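Input: a single structure, listed below in structure tokens.
Just so it is clear, the model here is predicted, and its values are computed rather than measured. When a ligand or atom number is given, it counts from 1 through the structure's own listing order.
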Amino acid sequence: MEEILEKLKQEIKEIHNLESLKKVKAAYLGKKGCITKLLKNISTLSAEKRKNYGEKVNRLKREAEKIFSQKSESIKKEIENLSLEREKLDITLPGRRYAKGSLHPLSIVLREIEDIFEGLNFSIEEGPEIEYELYNFDMLNMPKEHPARDMHDTFYIDEGMLLRTHTSPVQIRVLKEKVPPLMFISPGKVYRRDADISHSPMFHQVEGMIVDKKLSFSHLKGIMTVFLRKFFGEETELRFRPSYFPFTEPSAEVDIQCIVCKGNGCRLCSYTGFLEILGCGVVHPNVFKAAGYDPEIWKGLAFGMGVERMAMLKYGIDDIRLFFENDYRFLKNFSLTAVT
Ligand code: DAH
């Protein structure tokens, strides 16, 4: 028995994996193992020899089992240490960066417009995209047969309802709901049956309105100048041109100096040196009357601009459809961190 134990200890020293350990264990403690054989002998012995022999063999068995389990533990530890060594991490290596999402260029421009007007103390109002024909046209001084309606290629929905063709009907809604003095802008989607490189059936406008007792065209000119210079740069040259809108009188269109040729004349500005950027004017008395205001008491200033056009001119984008195709190569130009 001593010899068996000695031999077992020797044999086990060379072993470094669980597979081999299992084989050796079987040779000692398995069904046909040498220690198992010794155990089986117990029953063949006489009663007096049996006790002494039995104790010894069982001790041997326990001893062997202990050796095997210790060895098995130490092999497991060895394997673990090896794999820790192999899988060592270099925590000083830079991590993998995930691409950050970015705002859509129209959202960037819209937020910038809103920021500038909020800085001038304008509030923000919203109106529905499905609008009454009455608010979209009639109450804005465009009765049924008014020729200006032709310029708005309208999507009619139902009797008296349409997809708003501009954000101007929000003027009517706010006039009806709020108490003056008023000073708000109203950004949102508008719809027209039109599609080419500079027209999209859905696009965005920002409407603006100021209502108070003492207002003049010079206030409008001042606010438009501050806004456009903040948006396009302080050096931007502006031009106020007389124009016509049914809901304002007098009306003007504002041009900025061409962003491409800086006023020298090029294809973009049709060699005029200027680009039309927004419409504005003094609120027409008929609009006030329609909303239940006395035009002798209240004065109003209004303006409206296209957000896509502002974005196209600011970023030099020459096709409006790029905003709506969601081509990743286009969008990633507006990411704050480069998307890889
Ligand atoms: N609603 C006009 C359009 O869609 C834009 C506009 C022009 C709005 C002059 C105004 C304004 O409030 O005063 O073309």
Side-chain angles (χ1 to χ4, degrees), residues 113 117 120 122-129 131-142 146-155 162-175 182-194 198-212 215-225 227-228 238-256 275-288 290-291 293 295 298-310 312 320:
I113 296 172
F117 281 109
L120 294 169
F122 281 74
S123 61
I124 295 179
E125 302 287 348
E126 281 182 5
E129 289 164 32
E131 186 55 281
Y132 297 115
E133 186 178 352
L134 190 69
Y135 288 7
N136 194 86
F137 290 129
D138 301 64
M139 290 174 80
L140 287 167
N141 199 29
M142 273 187 271
H146 198 289
R149 285 199 183 197
D150 293 346
M151 281 163 46
H152 299 227
D153 307 280
T154 312
F155 288 110
L162 43 72
L163 290 179
R164 65 178 178 188
T165 57
H166 52 175
T167 43
S168 302
V170 184
Q171 290 187 22
I172 302 294
R173 289 182 173 270
V174 177
L175 283 174
L182 303 167
M183 198 156 154
F184 65 89
I185 57 164
S186 178
K189 290 182 166 67
V190 299
Y191 301 84
R192 292 187 197 178
R193 294 175 45 145
D194 214 351
S198 56
H199 297 89
S200 158
M202 185 283 294
F203 60 105
H204 298 78
Q205 283 188 339
V206 174
E207 189 76 14
M209 191 181 214
I210 308 172
V211 177
D212 211 330
L215 285 172
S216 72
F217 195 88
S218 59
H219 293 117
L220 183 62
K221 219 175 155 185
I223 288 166
M224 294 300 95
T225 303
F227 164 68
L228 289 170
L238 303 176
R239 188 169 76 173
F240 286 74
R241 217 169 5 87
S243 184
Y244 172 79
F245 298 103
F247 31 89
T248 45
E249 180 59 37
S251 304
E253 275 173 292
V254 188
D255 300 339
I256 58 165
L275 298 164
E276 182 193 318
I277 197 74
L278 57 79
C280 61
V282 176
V283 176
H284 197 288
N286 286 351
V287 175
F288 274 135
Y293 284 56
W298 297 104
K299 300 286 165 245
L301 305 171
F303 53 91
M305 70 193 89
V307 180
E308 281 77 2
R309 185 162 169 80
M310 299 283 284
M312 287 168 84
I320 198 171

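Taking every non-hydrogen atom of Ser168 and a distance limit under 4.0 Å, the qualifying atoms of ligand 1 come out as 1 (N), 8 (C). Taking a cut-off of under 4.0 Å to the non-hydrogen atoms of Cys280, the atoms of ligand 1 that pass are 9 (C), 11 (C), 13 (O). Less than 4.0 angstrom separates some heavy atom of Gly304 from each of these atoms of ligand 1: 6 (C), 8 (C), 10 (C), 12 (O). Ligand-side atoms of ligand 1 in range of Thr248: 13 (O), range being under 4.0 angstrom from any heavy atom. The ligand atoms of ligand 1 that sit less than 4.0 angstrom from a heavy atom of Gly281 are 13 (O). Proximity to Gln171 (heavy-atom distance under 4.0 Å) selects the following atoms of ligand 1: 12 (O). Within the listing of ligand 1, atoms 3 (C), 4 (O) sit less than 4.0 angstrom from a heavy atom of Gln205. Close approach of ligand 1 to Phe245 is summarised as follows: ligand atoms under 4.0 Å from at least one heavy atom of the residue are 7 (C), 9 (C).
Here Met209 has no heavy atoms under 4.0 Å from ligand 1, in either its backbone or its side chain. Residue contacts with ligand 1 for Glu207 involve side-chain atoms from C-beta outward but no N, CA, C or O (heavy atoms, distance under 4.0 Å).
Looking at ligand 1, you'll find an N or O of Ala302 within less than 3.5 Å of one of its N or O atoms. For ligand 1, the polar-atom distance check against Arg192 finds a nitrogen or oxygen pair separated by under 3.5 Å. In terms of polar-atom proximity, defined here as any N/O pair under 3.5 Å, Thr165 makes no such contact with ligand 1. Among the atoms of Phe303, some N or O lies under 3.5 angstrom from an N or O of ligand 1.
Ser218 contributes no side-chain N or O that, together with a main-chain N or O of Ser216, makes up a donor-acceptor pair within less than 3.5 Å. Here the side chain of Ser186 pairs a donor or acceptor atom with the backbone of Glu125 at under 3.5 angstrom. Panel note: side chain Glu207, backbone Ser168; a donor-acceptor pair is recorded below 3.5 Å. Distance alone, capped at 3.5 Å, is enough to place a donor-acceptor pair between the Ser251 side chain and the Phe245 backbone. No side-chain donor-acceptor contact under 3.5 Å links Asp255 to the backbone of Arg241. Remark: the backbone N or O of Pro246 is paired with a side-chain donor or acceptor of Asn141 at under 3.5 angstrom.
None of Met310, Lys189, Met305 except one satisfies the side-chain contact (heavy atoms from CB on, under 4.5 Å) rule with His204; the exception is Lys189.
Atoms NE2 and CG, from His146 and Asp138 in turn, are 11.0 Å apart once rounded to the nearest 0.5 Å.
Residue contact check for ligand 1: Met305 places no non-hydrogen atom closer than 4.0 Å to it.
The protein atom (non-hydrogen) at minimum distance from atom 11 (C) of ligand 1 is Phe247 CE1, 3.5 Å.
Two residues are said to be in side-chain contact when any heavy atoms from C-beta on lie closer than 4.5 Å; Ile210 and His219 fail this criterion.
Ring centroids of Phe122 and Phe227 are separated by 6.0 Å or more, keeping the two rings apart.
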